[in-house]
Amino acid sequence: MPIQQLPSHLINQIAAGEVVERPASVVKELVENSLDAGAQTVQIDIVAGGQKLIRIRDDGKGISRDELELALSRHATSKISSLDDLEAVASLGFRGEALPSIASVARLTLCSRATGGDTAWQVEADGGHISKAAPAAHPQGTTVEVHDLFYNTPARRRFLRTERTEFGHIEKWVRRLALSRPEIAFSLTHNQRTVLQLVAARNVDAQRQRIARICGDNFAEQSVYVEREVEGIALSGWIGLPTFNRSQPDLQYWFVNGRSVTDKTLAHAVRHAYRDVLFHGRYPAYVLNLTMDPAGVDANAHPAKHEVRFRDGRRVHGVVSQTVEVALGDTRPGGHDVTPIPMTRERVFNQGAMPLPSSPAPSAIRETLATYRTMATAPSLADVPAEAREVPPLGFAIAQLAGVYILAENRDGLVIVDMHAAHERITYEKLKTSFDDRNLVRQPLLVPETLAVAENEADLVEQSSDALEAFGLVVDRSGPSAVTVREVPALLRNADVESLLRDVLSDLAESGRSNRVEDASDEFLATMACHHSVRANRLLSIDEMNALLREMESTERADQCNHGRPTWTTITMSELDRLFLRGR
């Protein structure tokens, strides 16, 4: 065929292929328009999984009569007017493609009453034809009704899934949008049945309730709130305790300037912060909001706006990782008001059954740890007058069970501590402090190791020699496609040098940074901590147990060992009373 100009309706249908993937895409685009319009309440009504009807009603600013027809025209928007606006876009929608694209593959009705308007006006679009604006009855705000999605593109309609599946995608997006804007009230119905009803949440307690409605009670109870701003980058939200972890990353939500996104830089930053408090193969749970100058974020990187790019990704990574790491540092007894693995609910931590301790031998029971014999003594709770009691978070030790668990009493009730897991975390944190970056020692290799690499990797070694030395690696280029490793971190002198260097170079090529050496060092220190920690069947005196409890309270991340196992839990007096039917 000769080159020709495509008709506008066909152009809109082609654009719809990018914007309107399924009914959930329509809901996302229309609700984002409502949020951009300043709506405080958004009502979403769905029929037949969105294939028959999608209705979005809001109480936003509305659209004036003169702009109704223009709103259904391609590339018509009130959100940008110049390249400068595009480079610093703060709204969720800005391309001006959503409404005309939807109208090209469905029957659409747009009814709106602008702020201060005497009456509402309505237009209809069907098959690319737009009606004249007509008066209608409607409060301030906008209602968009989308009927018979893909009625004129049957091939695309055949690719839709079942009604239940399509509504599941819609509900997922509505929940995401509700998490991104807790101050907005949302309601969602399907086939005239209310599925979700969320009131506006304007303080932290109300936001926790919304988190519980959307992410579950367990996450809400086992998460801590974080909030920090550094150099114009603000991070806030909820992070799950390490003991609340998942087998897959299905409870991870990121919002950048209110936009729900998936981003490798942000995901890696959080994963790095959790690196030594989770089992391998387990994933953290979080709901996090990143707010920064829109000029530093490219929101136009993906047709459906699911992804963003950062002008300074390394800086963003550092702020996020450090903020979450500092928050996790307070996951120790007394650092927050959340108790690991609450006993009154189904356990949220499950990494396979732990082996039961064997019966202690008499000689083992008589052994004690010399390191704890020298520590300061602490009284038991019974020895302290009630009026003078300053009870620490883990209370005071009262007994040892099976040579494995320390039993203590605090103001709430009974505290149970896994002796080995707790001492492992304490030892690990001390080792990390001893071998931090300031004390990085390089070990020259007796025989320098020459590796064959790709030419671009050899170039990278030349360009990144300073960065590699900061990691403790001294590497020279010894040929067009060969490098020679001369020194490595002393801690890793027995590591696989070739694999370590290749991983570091891969990270540098992809993101300009690498944590491989740090992670490998931490893994080595974790192994040392495990081998040098108090073992089961070691009998401790009351003073030694109390000394261990006090160290737990002053050690970062002491709620879990470096493998991710919880170190302690508590059973409150009210829970014990219920267990023994007291008061009935």
With Glu553 via salt bridge (Lys or Arg N to Asp or Glu O under 4.0 Å) - residues at least two apart: Arg550
Side-chain heavy atoms of Arg181 within contact of Glu183, under 4.5 Å: yes
Closest heavy-atom pair and its distance - Ala212, Asp217: CB-OD1, 3.5 Å
Check ion pair Glu551-Arg425 (N to O, under 4.0 angstrom): no
Nearest heavy-atom neighbours spanning Gln248 and Tyr283: CA-CD1, 3.4 Å
Results of salt bridge (Lys or Arg N to Asp or Glu O under 4.0 Å) for Glu462 - residues two or more places apart only: Arg477
Main-chain N/O of Leu500 paired to Asp503 side chain as donor or acceptor, under 3.5 Å: no
Show which side-chain atoms of residues 256-263 pair as donor or acceptor with protein atoms under 3.5 Å away, not counting sequence neighbours.
from: Asn257; atom 1: OD1; to: Met292; atom 2: N; distance (Å): 3.0
from: Asn257; atom 1: ND2; to: Met292; atom 2: O; distance (Å): 3.3
from: Arg259; atom 1: NH1; to: Leu92; atom 2: O; distance (Å): 2.7
from: Arg259; atom 1: NH2; to: Ser91; atom 2: O; distance (Å): 2.7
from: Arg259; atom 1: NH2; to: Leu92; atom 2: O; distance (Å): 3.4
from: Ser260; atom 1: OG; to: Arg176; atom 2: NH1; distance (Å): 2.9
from: Asp263; atom 1: OD2; to: Thr265; atom 2: N; distance (Å): 3.0
from: Asp263; atom 1: OD2; to: Leu266; atom 2: N; distance (Å): 3.0

Pairwise side-chain contact, Val404 with Met419, heavy-atom cut-off 4.5 Å (strictly under): no
Minimum side-chain heavy-atom gap Val174-Val31 below 4.5 Å: no
Side chain to side chain, Leu473 and Val488, heavy atoms closer than 4.5 Å: yes
Distance, nearest 0.5 Å, that separates SG of Cys561 from CD of Glu424: 4.5 Å
Min side-chain heavy-atom separation Val297-Val316 under 4.5 Å: no
Stepwise side chain to side chain contact (heavy atoms under 4.5 Å, CB included) check, Phe219 with Ile214: CA-CA 10 Å; Phe219 174 72; Ile214 297 175; over 6 Å; no
Ala408 versus Leu549, closest heavy-atom pair with distance: CB-CD1, 3.8 Å
Thr572 side-chain N/O to Asp412 backbone N/O, donor-acceptor pair under 3.5 Å: no
Residues that Asp330 engages under salt bridge (Lys or Arg N to Asp or Glu O under 4.0 Å), provided they are two or more places apart: Arg332
Thr331: partners by side-chain hydrogen bond (donor to acceptor under 3.5 Å, both in side chains), with sequence neighbours left out: Gln560
Considering all heavy atoms, the nearest Ser180-Phe255 contact: CB-CD2, 3.3 Å
Closest approach of Gly60 to Gln140 (non-hydrogen atoms, all atoms of both residues): O-NE2, 3.3 Å
Heavy-atom side-chain contact between Asp559 and Pro333 under 4.5 Å: yes
Counterpart residues, side-chain hydrogen bond (donor to acceptor under 3.5 Å, both in side chains), relative to Thr189 (two or more places apart): Asp45
Asp276 (side chain) donor-acceptor with Asn562 (main chain) under 3.5 angstrom: no
Where at least one partner belongs to residues 223-234, residue pairs that pass salt bridge (Lys or Arg N to Asp or Glu O under 4.0 Å), sequence neighbours excluded: Glu231-Arg315
By side-chain hydrogen bond (donor to acceptor under 3.5 Å, both in side chains) - contacts of Arg271 (at least two apart): none
Thr427 side, atom OG1; His420 side, atom NE2 - distance, nearest 0.5 Å: 9.0 Å
Any pair counted as side chain to side chain donor-acceptor pair (under 3.5 Å), so long as it reaches residues 31-41, sequence neighbours left out: Lys28-Glu32, Asn33-Lys79, Ser34-Asp58, Asp36-Lys79, Gln40-Arg202
Heavy-atom check, side chain of Leu407 versus side chain of Ile416, under 4.5 Å: yes
Distance in Å, Thr243 OG1 paired with Arg565 CZ, rounded so as to fall on 0.5 Å steps: 12.5 Å
Full working for side chain to side chain contact (heavy atoms under 4.5 Å, CB included) between Gln252 and Arg246: CA-CA 10 Å; Gln252 298 181 350; Arg246 313 282 288 182; over 6 Å; no
Check: Ile239 and Val224 side chains under 4.5 Å, non-hydrogen atoms: yes
Which atom of Pro392 lies closest to which atom of Asn410, heavy atoms considered: O-CB, 4.2 Å
Residues which pass ring pair (Phe, Tyr, Trp, His ring centres under 6.0 Å) with Tyr428, listed by chain and number, not counting sequence neighbours: none
Candidate list Tyr286, Tyr225, Phe244, test ring pair (Phe, Tyr, Trp, His ring centres under 6.0 Å), partner Trp238, passing option: Tyr225
Salt bridge (Lys or Arg N to Asp or Glu O under 4.0 Å) contacts in which one or both residues fall within residues 204-214, not counting sequence neighbours: none
Reported CD1-to-CG distance for the pair Ile184 and Leu198, which is rounded to 0.5 angstrom: 12.0 Å
Note: Glu556-Lys432 ion pair, threshold 4.0 Å (strictly below): no
Spacing of Ser236 atom OG and Gln207 atom CD [to the nearest 0.5 Å]: 8.0 Å
Spacing of CG belonging to Leu196 relative to CZ belonging to Phe186, to within rounding of 0.5 Å: 9.5 Å
Partners meeting salt bridge (Lys or Arg N to Asp or Glu O under 4.0 Å) with Glu487 (sequence neighbours left out): Arg442
